[in-house]
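Atoms within each ligand, like the ligands themselves, are counted from 1 in listed order.
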Amino acid sequence: MTKPLLEIQNLSKNFSGLDVIRDVTFHVNEGERMALIGPNGAGKTTMFNLITGVYPVSQGSIRMAGEDITTASDRSRAQRGIIRTFQNIRLMPHLTAAENVMLGQTCHSHGIWSWLAPVGLQSSRSRKEADHALEVSGLLEYRDMLTYDLPYGVQKRIELARALSAKPKLILLDEPAAGLNPSETDDLAQQLLDISASGVTLLTVEHDMHFVRRLSQRVIVLNFGSLIAEGTAAEVQNDQHVLEAYLGSDRKLEEEVAT
Ligand SMILES: Nc1ncnc2c1ncn2[C@@H]1O[C@H](COP(=O)(O)OP(=O)(O)OP(=O)(O)O)[C@@H](O)[C@H]1O
């Protein structure tokens, strides 16, 4: 039976009187792959910032696995399994792929057991977990390479392996396919499908509609901060409100389909 993992209820956000998110309600089910799309300035990044606790909400509530996290700290949200990746690569270029992935484990590393465990044991466990995340992501061959030496598409996938090493329940992906060539985009989509198959829930902001169609079971559309459509990728692409929203923007939905 489907069970909601993330529940957004009547969420609003304004910055100095400007309504950026307006009374938005939606949910993401456990194990689901959902996409959040919309023209430039629609409020997608702001929505991610509200879910991860970067900004306080103005109104409404956010629940994760049934618990109210509306005012929880960003760290507490991460510990509950909400992990985010960014549009721009945020790897440490002078660390190896494995070391970067190990950095992703830090949000779980402050429990009493991590203090009690001998340092050697901690680091060998960390390394094993990093190796596992790299292996699941098909990246083990890059384990000991410095990340700045690696192609952009591989760096993106290492970021995802790092996200995976934080043992997420929900990964928020901010334009993961941006800047990738078609074959890199394909590899990334496959990696995300594998991650999804392991039980992780995905919420993806993306402009590339081919990618959205391949990856997402359900799509929601924001425009000027309001939710204007929800359905499969094919359904929202033919929705009159969505077509009109993109018509007025500098990014046409048809162009995004063509990319
Ligand atoms: N910290 C802030 N202070 C004031 N206004 C903001 C702030 N953050 C975002 N906004 C405004 O909120 C609106 C939505 O921005 P947001 O970045 O969430 O849109 P987006 O859908 O992610 O756009 P894009 O596709 O271009 O990344 C924009 O008008 C933006 O200028």
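Here is the list of ligand 1 atoms found below 4.0 Å of a heavy atom in A42: 19 (O), 20 (P), 21 (O). Taking every non-hydrogen atom of H207 and a distance limit under 4.0 Å, the qualifying atoms of ligand 1 come out as 25 (O).
Sorted by first then second residue, the ring pair (Phe, Tyr, Trp, His ring centres under 6.0 Å) pairs that include residues 156-190, not counting sequence neighbours, number zero.
Note on D186 versus R214: salt bridge recorded, some NZ/NE/NH1/NH2 to OD/OE distance being below 4.0 Å. Ion pairing of K156 with E159 is absent here, as no side-chain N (NZ or NE/NH1/NH2) approaches a carboxylate O to less than 4.0 Å.
Here M47 has no heavy atoms under 4.0 Å from ligand 1, in either its backbone or its side chain.
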Let me have the donor-acceptor pairs involving side chains of residues 54-64, under 3.5 Å, with sequence neighbours excluded, atom names and distances please.
from : atom 1 : to  : atom 2 : distance (Å)
S58  : OG     : N14 : N      : 3.0
R63  : NE     : G66 : O      : 3.4
R63  : NH2    : G66 : O      : 2.5

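Of the listed residues (P39, S16, G41), the one carrying the non-hydrogen atom nearest atom 14 (C) of ligand 1 is G41.
A donor-acceptor pair shorter than 3.5 Å cannot be found between the side chains of R157 and Q190.
Between T46 and ligand 1, at least one N/O pair is under 3.5 Å apart. Considering backbone and side-chain atoms alike, G43 places an N or O below 3.5 Å from some N or O of ligand 1. Checked by distance only, ligand 1 and F15 stay at 3.5 Å or farther apart across all their nitrogen or oxygen atoms.
Judged by a 6.0 Å distance limit and a 45° cone about the ring axis, K13 is positioned over the six-membered ring of F15.
The closest approach between F48 and ligand 1 stays at or above 4.0 Å for every heavy atom of the residue.
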